[in-house]
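One structure is given below, encoded as structure tokens.
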Amino acid sequence: NFQYMEEKNIKMALNDNKAGMEGLDRDKINKIIMESSKGSKFYENEVKREQQVNQRIDKMMLQKEQITEQHLKKAQAQVARMVVELEKRRDLTRVIVHVDMDAFYAAVEMRDCPELKDKPMAVGSMSMLSTSNYHARKYGVRAAMPGFIAKKLCPNLVIVPTNFDKYRAVSSEIREIFADYDPNFMPMSLDEAYLDFTEHLEKRQSWPDSLRTHHYRASSNPKGIAPNMMLAKVCSDKNKPNGQYRLPSTREAVMEFVCNLPVRKVSGIGKVSEKLLNALGISSCSHLGQKMALLSLLFSETAWHHFLQVSLGLGSAFIPRHEERKSMSTERTFKEMSAAEEQLSLCRELCEDLANDLKKEGLKGKTVTLKLKNVNFEVKTRALTLSYPVATADEIFAVAKDLLKTERDNESPQPLRLRLMGNQIKQFN
DNA sequence: GCGGATCAC
DNA sequence: AATGGTGATCCGC
């Protein structure tokens, strides 16, 4: 039964969306992953979440049944008007670059330990991997996979512990180079950034040979070059692991490019959105355009406006100024913890860590949120907004401990069997 | 304002 | 034996 297969397999199955995963024995890999996962609490929770998504799809399909030709006609007219407006504002004059260091952490580790270059290798731990090199990817080993499963796929896999300080150091060298091309570049993580090349090109009239630095030869850095951020991001994925892809700044080139683009490649359309769209017969961005009237009736305004822009190959043609942070948090996973005293002292510790981080940036916030994940991987958050901003460990803990107590009382006489606890603070001044 | 969900990295 | 941490946003109360 197809429905059953889908439900049982999709979440856990190998994610071969990434580069370097072509032509491997997918069935064999999926079988190993499934065998290592089945029966675990984690797996059970994934199945549950999968079912929730399926229910969402059922609900959406029912809604779809209620839609009349009349509705669609009206929606189509509204979509058409919106398209005219959006086309008027289409901007093809900017040159936006997305740079993404390939297998960044793995590349840094291989630079520092050349013997690793010829071996399958990943960065992380037996519990979780951050990234893997291309040798390892041949075996199906990838980011966000627990190391113990990766070891089953590839017994010779070398797992190197993460060394964030090192990656930060390399990252800051790379960022200096970025700044030469665009002082207002937007870092997305240690290894990824958007740059506006327009002015650089006007001055220099030429492309740099490479954004590679002398200190960082270990990894290529694919670039995507396009008239806006949405397209640049997709383009940088195109010619991995090497080289770059430039999308010409014409409407025709953009529309043709977008036509065959799978929706999942677009930033902002994740696993769930993809599944919802697939249920409506939408897998590529051209389908997205064809079914826009329907989408406008089934999705929220923000969602379908985003879909519409994507289907037209539109995105931000300028790189927004870096926003101030809106929240700060600390969370930690640990082995099962049920005792009240233990949970309280951990909670205090987290509050102290958070207070330290807040102090570094001189921030105070009014909303304190406690996050809990039980041993079944179920996540809960409990928040309280004060009338005044707080910042010290004592102040935060005073709120967090009450939220925790309420949850414990709620569960009693059963204990709270936790595997994660976290504190967050927001509503800064 | 709150809590769950989704998404990116 | 073992499935992360941080930040943002959206939706439906």
Side-chain angles (χ1 to χ4, degrees), chain A residues 11-12 15 17-18 33 36-46 48-50 52-53 55-56 59 98 100-101 104-105 123-131 142-152 159 162 164 167 171 186-194 229 233 264-276 299-306 320 322-336 350 353-354 357 366-373 375-387 403 407 419-428:
Chain A
K11 274 273 178 165
M12 305 305 301
N15 172 5
N17 197 19
K18 284 259 185 238
I33 295 177
S36 329
S37 304
K38 195 161 278 180
S40 67
K41 299 283 193 186
F42 176 81
Y43 176 80
E44 293 307 321
N45 187 252
E46 290 297 299
K48 196 180 104 190
R49 286 178 46 190
E50 192 74 30
Q52 283 179 35
V53 172
Q55 280 181 19
R56 236 177 107 179
K59 212 174 116 189
H98 179 263
D100 178 354
M101 299 299 160
F104 181 58
Y105 301 170
V123 178
S125 70
M126 283 301 256
S127 298
M128 185 54 57
L129 302 180
S130 294
T131 186
R142 57 171 175 84
M145 176 182 279
F148 74 92
I149 292 180
K151 277 282 201 181
K152 287 186 185 166
I159 298 181
T162 46
F164 274 107
Y167 314 142
S171 178
M186 177 189 242
M188 300 302 290
S189 64
L190 290 182
D191 73 321
E192 215 186 296
Y194 289 96
M229 292 173 74
K233 168 80 176 137
R264 184 64 174 88
K265 297 272 183 191
V266 177
S267 179
I269 301 184
K271 215 169 190 160
V272 173
S273 303
E274 180 191 31
K275 209 173 170 187
L276 290 170
F299 287 81
S300 72
E301 189 170 80
T302 356
W304 78 262
H305 281 185
H306 179 236
H322 184 64
E323 300 270 336
E324 294 156 46
R325 75 154 69 238
K326 299 193 169 85
S327 73
M328 190 182 271
S329 65
T330 339
E331 67 187 58
R332 211 166 298 156
T333 294
F334 38 78
K335 74 173 207 292
E336 176 170 354
L350 287 165
D353 291 350
L354 184 55
D357 293 344
K366 289 202 280 246
T367 305
V368 176
T369 306
L370 176 74
K371 177 173 168 179
L372 304 172
K373 192 193 285 183
V375 291
N376 295 322
F377 289 83
E378 293 161 338
V379 178
K380 256 185 208 165
T381 61
R382 293 292 176 258
L384 184 71
T385 301
L386 305 163
S387 54
L403 294 171
E407 280 314 296
R419 74 174 339 265
L420 172 145
M421 191 187 295
N423 285 168
Q424 183 204 51
I425 194 140
K426 57 188 176 191
Q427 289 258 73
F428 301 131

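Labels below follow one simple rule: chain letters A, B, ... track the order of the sequence lines, proteins then strands, and each chain is numbered from 1.
In this structure, A:Lys366 places its NZ atom 12 Å from P of B:dC2, rounding to the nearest Å. The separation between A:Arg49 atom CZ and C:dT3 atom P is 15 Å, rounded to whole Å. Spacing between atom NZ of A:Lys151 and atom C1' of C:dT3 amounts to 17 Å, rounded to whole angstrom units. In this structure, A:Lys335 places its NZ atom 16 Å from P of C:dG4, rounding to the nearest Å. The distance between atom CG of A:Asn45 and atom P of C:dA2, rounded to the nearest whole Å, is 15 Å. A straight line from OH of A:Tyr43 to C1' of C:dA2 spans 18 Å, rounded to a whole angstrom. In this structure, the NZ atom of A:Lys275 is 15 Å from the P atom of B:dA5, given to the nearest Å. Distance OH (A:Tyr167) to P (B:dC9): 19 Å, rounded to an integer number of Å.
Residue A:Ile269 is in sugar-phosphate contact alone, with no base atom involved, counting any heavy-atom pair closer than 4.0 Å across all strands shown. Here A:Ser37 lies in heavy-atom contact (under 4.0 Å) with a base.
Distances shown here put every side-chain N or O of A:Thr367 at or beyond 4.0 Å from the OP1 or OP2 atom of B:dG1. Remark: A:Lys233 is in phosphate contact with B:dC9, judged by side-chain N or O atoms under 4.0 Å from OP1 or OP2. Considering only side-chain N and O atoms, A:Arg419 lies nowhere under 4.0 angstrom from the phosphate OP1 or OP2 of C:dA2. At the phosphate of B:dC7, neither OP1 nor OP2 sits under 4.0 Å from any side-chain N or O atom of A:Ser267.
Remark: A:Glu192 engages A:Lys233 in a salt bridge (charged side-chain N to carboxylate O under 4.0 Å, His left out) (not counting sequence neighbours). Remark: A:Gln55 engages no residue in a side chain to side chain contact (heavy atoms under 4.5 Å, CB included) (not counting sequence neighbours). Looking at residues two or more places apart in sequence or on another chain, you find no side chain to side chain contact (heavy atoms under 4.5 Å, CB included) involving A:Glu324. With sequence neighbours excluded, no residue satisfies ring pair (Phe, Tyr, Trp, His ring centres under 6.0 Å) with A:Phe428. Residues passing the ring pair (Phe, Tyr, Trp, His ring centres under 6.0 Å) test with A:Phe148: none are found, sequence neighbours excluded.
Listed candidates were B:dG4, B:dA5, B:dC2. Nearest to the side chain of A:Lys380 is B:dG4. Closest to the side chain of A:Arg56, out of B:dC7, C:dT3, B:dT6, is B:dT6. Here C:dA2 is the nucleotide among B:dC9, B:dC7, C:dA2 with the atom lying nearest to any side-chain atom of A:Phe148. Which of B:dC9, B:dC7, B:dC2 sits closest to the side chain of A:Val272 comes down to B:dC7.
With P as the reference atom, C:dT3 and B:dA8 are 24 Å apart, rounded to whole Å.
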- Task: Any chance you could list the contact pattern along nucleotides 5-11 of chain C? Use B for base contacts, S for sugar-phosphate-only contacts and - for none, protein heavy atoms under 4.0 Å, 5' to 3'.
- Result: SBSSSSS
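Under the 3.5 Å distance criterion, with hydrogens and angles disregarded, no donor-acceptor pair is assigned to the side chains of A:Ser130 and A:Thr162.
Remark: the backbone N or O of A:Thr385 is not paired with any side-chain donor or acceptor of A:Thr367 at under 3.5 angstrom.
Using a 4.0 Å cut-off between a side-chain N of Lys or Arg and a carboxylate O of Asp or Glu, A:Lys41 and A:Glu44 do not qualify as a salt bridge.
Place A:Thr385 and A:Glu274 on DNA chain B by their nearest nucleotides, and A:Thr385 ends up nearer the 5' end.
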